[in-house]
Amino acid sequence: MKITPSASAILLFLLYPCARAQQPQQLSPMVEHTRPHPRLTQTITPGRQIKLDLGTLFIPEKLTNKKTPNLLLFFHGGDWLPQLAASQQKDLAVITIQAGAGSGTYTKLFEDPTRFIKLLSEAEQSSNIHFNEVWLAGWSAGCGALRQILADPASYTRVHRVLCIDGVHAGYLTGATTPGPADSQLVPENLTSWLHFGTDALANKKRLIITHTEIFPGTYASTTETAVYLLNAWDLTAHPVVRFGPMQTQLLSEAKSNGLTVLGFAGNSAPDHIDQLQSLSTYLRWLSKP
């Protein structure tokens with residue numbers, strides 16, 4: 001079933017902030033109808049739901065007798081879609097966390113560096129399950145939580161795999177609010193967590209997937225600009241490709257080395273951004289690979 005993106009989803013996209021301030025995305029005024037934007041049908045996935053101090057733990061029905069499944073924490077995707085995506089993986093439960101608009105909102109959730117470890121402990125105690133690997137994933141503003149969690153050494157150690165869906169942003173240096181005209185200088189502190197985790201992924205100690213689109217915020221660095229920055233720091237080159245990705249997205253570039261993957265997609269509009277969230281199940285399957 002195909003439906004148009006919901007008004008609420010587009011509103012959340014429009015309100016996505018930079019790392020320093022609540023400023024709207026500068027969406028392209030163009031409208032294209034060449035590539036469809038299929039949408040999943042909202043559904044209730046069978047399983048057990050447990051309210052936590054932060055978010056909701058969902059254990060798919062097929063994991064009822066599973067003693068050591070993996071645990072995903074997903075930020076900024078609602079409940080039903082991450083729960084559906086988790087149920088389509090082999091052994092994966094999920095904590096869904098929706099904090100509102102803006103990456104700063106998600107960053108603040110983990111200003112107390114002990115909160116992440118406490119949340120994992122609460123999830124195990126309330127479900128009577130000992131989880132194996134811990135995965136982090138976020139879409140858009142939700143990636144602010146990932147960055148904050150990974151900044152804490154104790155939390156970093158607990159995380160095995162990370163998926164960042166079109167959400168790695170940074171500010172421009174020297175207070176600039178516009179890019180270029182040459183390659184823009186980005187605030188390095190906004191990217192430290194990603195550099196660290198990606199370096200470990202290159203050494204096959206972790207697993208990291210980053211996706212980015214052609215959306216251009218204008219007042220802060222786009223996900224494409226941050227991808228270029230990170231790839232340069234890792235001494236990697238993205239290679240051009242022309243093929244379809246999940247949910248009929250158009251893949252334009254990729255860089256892969258050991259446990260690290262960076263994927264660039266076509267599109268500079270709200271539907272293109274939402275396509276990325278709708279592709280979650282496929283991205284999780286890729287993330288699960290050794």
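Residue numbers count from 1 along this sequence.
Under a hydrophobic-cluster definition in which Ile, Leu, Val, Met, Phe, Trp and Tyr are linked whenever side-chain heavy atoms come within less than 4.5 Å, directly or via other members, Val168 and Leu252 are assigned to different clusters. One hydrophobic cluster, built from ILVMFWY side chains closer than 4.5 Å, holds both Trp286 and Phe74.
The environment of NZ in Lys62 is crowded: more than 12 heavy-atom neighbours from other residues, nucleotides or ligands sit within 6.0 Å.
When side chains are defined from C-beta on, Ser155 does not count as touching Leu150, because their heavy atoms never get closer than 4.5 Å. Side-chain atoms of Lys206 and Arg161, non-hydrogen and from C-beta on, never get closer than 4.5 Å to each other. Under the 4.5 Å side-chain criterion, counting only non-hydrogen atoms from C-beta, His212 is in contact with Ser253. At a threshold of 4.5 Å between non-hydrogen side-chain atoms, the residues Asn190 and Tyr220 do not count as touching. The closest side-chain heavy-atom distance from Ile95 to Glu122 is not below 4.5 Å. Between Thr249 and Thr282, every side-chain heavy-atom pair lies at or beyond the 4.5 Å cut-off. Side-chain contact between His169 and Pro217: present, with at least one pair of heavy atoms (C-beta onward) separated by less than 4.5 Å.
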Stepwise side-chain contact (heavy atoms from CB on, under 4.5 Å) check, Leu52 with Ile50
CA-CA 6 Å; Leu52 304 175; Ile50 303 172; 4.2 Å; yes
side-chain contact (heavy atoms from CB on, under 4.5 Å) between Leu84 and Ser281, worked out:
CA-CA 8 Å; Leu84 174 63; Ser281 183; over 6 Å; no
Is there a side-chain contact (heavy atoms from CB on, under 4.5 Å) between His130 and Lys67? Walk through the geometry before answering.
CA-CA 7 Å; His130 176 70; Lys67 294 183 178 180; over 6 Å; no
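For the pair Asp200 and Arg207, the salt-bridge criterion is not met [side-chain N within less than 4.0 Å of a carboxylate O].
Taking the side-chain contact (heavy atoms from CB on, under 4.5 Å) definition, one finds that Thr107 meets it with Arg147, Gln148, sequence neighbours left out. Here Gln185 pairs with Leu173 under the side-chain contact (heavy atoms from CB on, under 4.5 Å) rule; sequence neighbours left out. With sequence neighbours excluded, the residues that form a side-chain contact (heavy atoms from CB on, under 4.5 Å) with Thr213 are Asp166, Ile215, Thr223, Phe265, Gln276. Residues meeting the side-chain contact (heavy atoms from CB on, under 4.5 Å) test with Leu146, sequence neighbours left out: Phe75, Leu136, Val162, Trp194.
Expressed to the nearest 0.5 Å, how far CD1 of Ile165 lies from CG of Leu280 amounts to 5.0 Å. Taken from CD in Glu214 to CD in Gln250, the straight-line distance is 10.0 Å, to the nearest 0.5 Å. In this structure, the separation between CG on Leu72 and CG on Leu92 is 5.0 Å, given to the nearest 0.5 Å. Thr157 contributes atom OG1, which lies 8.5 Å from atom CG of Asp152 (distance to the nearest 0.5 angstrom). Note: Phe197 CZ to Leu260 CG = 10.5 Å, rounded to the nearest 0.5 Å. Considering CG of Leu57 and OG of Ser127, their distance stands at 5.5 Å, rounded to 0.5 Å.
Across every non-hydrogen atom of Cys143 and Gly138, the tightest pair is SG-O, 3.4 Å. Nearest approach of Leu54 to Leu119, heavy atoms of both residues: O-CD1, 3.6 Å. In this structure, His160 and Arg158 approach most closely via the heavy-atom pair ND1-O, 3.3 Å. Contact detail for Trp135 and Ser288: the closest heavy-atom pair is CH2-CB, 3.5 Å. Across all their heavy atoms, Ala123 and Leu71 have their closest contact at CB-CD2, 4.5 Å. The shortest heavy-atom contact between Glu225 and Phe216 is OE1-CE1, 4.5 Å.
Not one N or O on the side chain of Gln248 forms a donor-acceptor pair closer than 3.5 Å with the backbone of His37. At distances below 3.5 Å, not a single donor-acceptor pair connects side-chain atoms of His76 with backbone N or O atoms of Gln98. Between the side chain of Asn70 and the main chain of Glu133, a donor-acceptor pair closer than 3.5 Å is present. Asp91 contributes no side-chain N or O that, together with a main-chain N or O of Pro69, makes up a donor-acceptor pair within less than 3.5 Å. For the pair Trp139 (side chain) and Ile274 (backbone), a donor-acceptor distance under 3.5 Å is absent. Panel note: side chain Asp272, backbone Ser269; a donor-acceptor pair is recorded below 3.5 Å. Side-chain atoms of Ser121 never come within 3.5 Å of backbone atoms of Ile117 as a donor-acceptor pair (strictly under, hydrogens ignored).
In this structure, His196 and Tyr156 have parallel ring planes: the angle between them is below the 30° cut-off, well short of the 60° mark.
Pairs of residues two or more places apart, or lying in two chains, that qualify as side chain to side chain donor-acceptor pair (under 3.5 Å) and include a residue from residues 44-61 are Gln49-Gln83, Lys51-Thr56, Asp53-Arg115.
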Side-chain donor-acceptor contacts of residues 230-247 below 3.5 Å, not counting sequence neighbours, with atom names and distances?
| residue | atom | partner | partner atom | Å |
| --- | --- | --- | --- | --- |
| Asn232 | ND2 | Val228 | O | 3.3 |
| Trp234 | NE1 | Leu195 | O | 3.3 |
| Arg243 | NH2 | Glu254 | OE1 | 2.8 |

